[in-house]
Amino acid sequence: MVKGVNTAAMQAEQLKLDGNLYFKKNKLGAAIEAYTEAITLCPSVAIYWTNRALCHLKRNDWARVEEDCQKAVQLDRNSVKGHYMLGLALIRREKYAEGIKALERSLDLGRGANPNSYMVEEIWQELARAKYQEWEHDSTKRSWDLQNLKESCEIALKEKHLCDVTQMEGFTDEVTDSTSEQLEALKLVFSKVAEVDTPMEIPDYLCCKITLDIFRDPVIAPSGFTYERAVILDHLEKVGKFDPITRETLHPSQLVQNLALKEAVQAFLEKHGWAYRMD
């Protein structure tokens, strides 16, 4: 029995390698067949599902990408690629909330595995794009609703003005002045509400001193300065083991996640979704 299981596993692994070769040659149909056979032999191996999902992704077959990735993350809750492709599929299928949640999970897992890898940057860009699209959609709706409400309030005030003028002969100037003041106050109130969706300059303390971009994963050094994790790790690896501002000796193990700043960034982004925009 054990020998049979081992044989099936070996065959499945060879089919995966065949599928990888077909994929590199852009023979997606053949790759899908190879991965499908591997799944049939060993359905509990998550990577076979994510590999097949990647083929479906290349074909923009998002329903199948979602289906395969759902299975992959059930088998391996720590699959970075599984959660990542699942997030992409859900967003393409306009399941924004679920898609963003999957991308956030993928980003957390990716940062834990390799903070400065290309994959983490790619996940962040897709997440930021999805968050911006979500904000843009909600912002447009809010703007439309506010404009309709403002117009309704203005009409009501003007109708009240006409009624008051008719009933209060001899005091038309006072009535008109009062209505003008109310209309100005109304304009000011709606202007203030609209400021939430108006892009502004991001506060300096929320931005990395090296990239000047808003923090994604801030870490604090013994010097007290905070840097973007991937950026400072890249500096320590390629430039030297020292703090780029103070020039003091600095090792990766000395970096500590700045949770307070990370929460401040998240609070800012939740209130100002336009800041997710990738230029």
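In this chain, residues are counted from 1 in sequence order. Please read all numbers here as calculations on a predicted model, not as lab measurements.
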message = For a salt bridge (charged side-chain N to carboxylate O under 4.0 Å, His left out) check, start with the C-alpha distance between K16 and E13, then their side-chain angles and the critical distance, and finish with the verdict.
response = CA-CA 5 Å; K16 185 197 79 170; E13 193 61 19; 2.9 Å; yes
task = I would like to know whether E151 and Q147 meet side-chain hydrogen bond (donor to acceptor under 3.5 Å, both in side chains); could you show each step before the answer?
result = CA-CA 6 Å; E151 290 175 359; Q147 183 60 31; 2.9 Å; yes
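Other residues, nucleotides and ligands place no more than 12 heavy atoms under 6.0 Å from the CG atom of D204. Within a 6.0 Å sphere centred on NZ of K262, other residues, nucleotides and ligands contribute more than 12 heavy atoms. The 12-atom threshold is not exceeded at CD of E94, counting heavy atoms of other residues, nucleotides or ligands nearer than 6.0 Å. Enclosure of atom CZ in R64 is not indicated, since only 12 or fewer non-hydrogen atoms of other residues, nucleotides or ligands lie within 6.0 angstrom. Within a 6.0 Å sphere centred on NZ of K95, heavy atoms belonging to other residues, nucleotides or ligands number more than 12.
Considering only heavy atoms from C-beta on, L255 comes within 4.5 Å of L233 through its side chain. A 4.5 Å side-chain heavy-atom check between T198 and W274 finds every atom pair outside the cut-off. At a threshold of 4.5 Å between non-hydrogen side-chain atoms, the residues L103 and L107 do not count as touching. Under the 4.5 Å side-chain criterion, counting only non-hydrogen atoms from C-beta, R129 is not in contact with Y276. By the 4.5 Å heavy-atom criterion applied to side chains, L17 and Q14 are counted as neighbours. Contact of the D213 side chain with the C207 side chain is not registered, since no non-hydrogen atoms from C-beta on lie closer than 4.5 Å. When side chains are defined from C-beta on, E66 does not count as touching M85, because their heavy atoms never get closer than 4.5 Å. Taking the side chain as every heavy atom from C-beta outward, V265 and I214 approach each other to under 4.5 Å.
Residue I100 is grouped with residue L57 when hydrophobic side chains (ILVMFWY) are merged at heavy-atom distances under 4.5 angstrom, including chains of intermediate members. Under a hydrophobic clustering in which Ile, Leu, Val, Met, Phe, Trp and Tyr are joined whenever their side-chain heavy atoms come within less than 4.5 Å, directly or via other members, I91 and L127 fall into the same cluster. Following chains of ILVMFWY side-chain contacts shorter than 4.5 Å, one cannot reach F23 starting from W49, and the two form parts of different hydrophobic clusters. Hydrophobic cluster membership differs between V256 and F215, with clusters built from Ile, Leu, Val, Met, Phe, Trp and Tyr side chains linked at under 4.5 angstrom.
In this structure, T246 contributes its side chain and S223 its backbone to no donor-acceptor pair below 3.5 Å. Although no hydrogens or angles enter the test, the distance criterion places a donor-acceptor pair under 3.5 Å between the side chain of T50 and the main chain of I47. Judged by distance alone, with hydrogens and angles left aside, the side-chain atoms of H161 form no donor-acceptor pair with the main-chain N or O of S180 at under 3.5 Å. With H235 contributing its side chain and F242 its backbone, the two residues share a donor-acceptor pair below 3.5 Å. A donor-acceptor pair under 3.5 Å links the side-chain atoms of S152 to the main chain of N148, judged by distance alone. With E126 contributing its side chain and I123 its backbone, the two residues share no donor-acceptor pair below 3.5 Å.
For the atom pair CG of D145 and CG of D138, the computed distance is 10.5 Å after rounding to the nearest 0.5 Å. Taken to the nearest 0.5 Å, the NZ atom of K187 stands 15.5 Å off from the SG atom of C153. The NZ atom of K158 sits 6.5 Å away from the CG atom of L183 when rounded to the nearest 0.5 Å. L157 CG to L162 CG: the interatomic distance, rounded to the nearest 0.5 Å, is 11.5 Å. Separation of atoms OH (Y227) and SG (C208) is listed at 8.5 Å; rounding is to 0.5 Å. Here CZ of R105 is found 5.5 Å from CG of N78. Values are rounded to the nearest 0.5 Å.
No option in E136, E270, E104 other than E104 meets the salt bridge (Lys or Arg N to Asp or Glu O under 4.0 Å) test with K131. Of the options L28, N26, V65, a side-chain contact (heavy atoms from CB on, under 4.5 Å) to K58 is made by L28 and by none of the others.
For the residue pair W135 / D197, a side-chain donor-acceptor distance below 3.5 Å is found, with atom types taken as modelled. Side-chain contact of E121 with Q125: a donor-acceptor pair under 3.5 Å is present, judged by distance alone. With no hydrogens or angles considered, a side-chain donor-acceptor pair links E122 and Y84 at under 3.5 Å. Under the 3.5 Å distance criterion, with hydrogens and angles disregarded, a donor-acceptor pair is assigned to the side chains of N20 and Y35.
Aromatic ring centroids of Y96 and H137 lie 6.0 Å or more apart.
A53 and C69 make their closest contact through CB-SG, 3.6 Å (heavy atoms, listed as atom of the first residue, atom of the second, distance). Between D243 and L250 the shortest heavy-atom distance is N-CB, 3.7 Å. A pairwise comparison of heavy atoms in V80 and G110 identifies CG2-N, 3.9 Å as the closest pair.
Annotation: cation-pi pair R92/W62 present, NZ/CZ under 6.0 Å from the ring centroid and within 45° of its normal.
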Side-chain donor-acceptor pairs of residues 36-45 under 3.5 Å, sequence neighbours excluded:
residue: T36; atom: OG1; partner: I32; partner atom: O; Å: 2.7
residue: T36; atom: OG1; partner: R52; partner atom: NH1; Å: 3.0
residue: T40; atom: OG1; partner: T36; partner atom: O; Å: 2.9

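By the 4.0 Å N-to-carboxylate-O rule, R216 lies too far from E228 to be salt-bridged with it.
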